[in-house]
Amino acid sequence: MLDLLVSNASLPDGRTGMSVAVRDGRICEVTPGLQAPAHEQLDAQGGLLSPPFVDAHFHLDSALTYGQPRVNQSGTLLEGIALWGELKPQLTIDAIIERALHYCDWAVARGLLAIRSHVDTSQPELLTVQALLEVQRRVAPYLDLQLVAFPQDGLLRAPGGLDNLRRALDMGVDVVGGIPHFERTQAQGAESIRLLCELAAAQGRRVDMHCDESDDPHSRHVETLAFETQRLGLQGRVTGSHLTSLHSMDNDYASKLIALMAEAELGVVANPLINITLQGRHDSYPKRRGMTRVPELLAAGLCVAFGQDCVLDPWYSLGSADMLEVAHMGLHVAQMTSQQAMRQCFDAITRQPAQLLGLQGYGLQAGCHADFVLLQARHPAEAIRLRATRLAVYRRGRRIASSTPAQSQLELAQRPASVHFFDAG
Ligand code: FE2
């Protein structure tokens, strides 16, 4: 007897009419048209069954603080950092936990079941770290929360930066972070990358660094990150986040840099919603779009994910844990409109970030965890186009969230009809 049998599902790889059988929290069979007794039967009615969404880049400690103590007037990264600095002395562990749990509720409802969150380690008290470790423990039954020690005020620029970051790792934070473009000089930025990568290599940890998050075409920290990754044998374990300067670099240098990144097997996270709003703020017209070169990085064989980055915080005044909204923006900014590119955008919020996080048992093959989301759409491009309703969300074979289908009723005398927005045909 199966625990759960999902039937008539479409899968992201294009197969239709598929059954997914679940026993003991794991997928035990994926095959067309299976009929078998099960405690729960779910007819997907042709809907898209996807592995859960994964957010490779988020800031859970600042999420949902919008307006505290004031709103970012210039819209820049730097005013956001200053604003967060004003708020930090007022933070309490309980308030951070409450906001973070609230956000995780949104995430689950949206089928987002794994988040890599940076946690600010700049304050010696490490309240943010204490709070997010507690959140990590509480949400573990239903959401994988991976934490990155993030020296927001600079590893070398802020007093005690390295010591605070080390203590955060000792307390249980998983991944080594950094912010080289915010250090005082290019040389100090490079030094911070060397120190952090050596620390990660010594402790067997992954690295995920905010890197070259600026419009400065001469910022060179991605190059250093690729170099240190290769020097220390960290290939496949290091991610560069944002990399917005790549947007502004000249094509000649970018072609060299992307090859170096591929040699180092760097992971890449673009954050479309935030990059499109924070970057280019010092431009008149034309305004640079500021997102890194996603199609070119994919073409070079790099693992590229889209992240949410911020929701209702000093840097971004919108957002709702909706990774399909993130992919929708990424698709537009990168002009990834071909059928294949739209599929890649869907992969950038599912398979690719799962690889960057090193998630075990992720996917829709036999043996994987029975974690998935049923979408009110029939294929990945349609899911992105509609930011499709998450009809049902499953974790280890158990339903943990559901939503009513989106449907409108026309009240026209001439054309009474209920309307959904599926592709024709
Ligand atoms: Fe970030």
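Every number for a ligand or one of its atoms is a count from 1 in the order of the listing.
For the pair Arg395 and Phe372, the cation does not sit on the ring face, since its NZ or CZ is not both under 6.0 Å from the ring centre and inside 45° of the axis.
For His57, the nearest N, O or S atom to the Fe ion (ligand 1) falls under 2.8 Å. The distance from the Fe ion (ligand 1) to the nearest N/O/S atom of His118 is not under 2.8 Å.
Donor-acceptor pairing under 3.5 Å is recorded for the side chains of Tyr394 and Glu40.
The pair Arg205-Asp174 does not meet the salt-bridge criterion, since no charged nitrogen lies less than 4.0 angstrom from a carboxylate oxygen. Using a 4.0 Å cut-off between charged side-chain N and carboxylate O, Glu198 and Arg231 make a salt bridge.
Asp309 contributes atom OD1 as its closest N/O/S atom to the Fe ion (ligand 1). Between the Fe ion (ligand 1) and the N, O or S atoms of His210, the shortest distance is to NE2.
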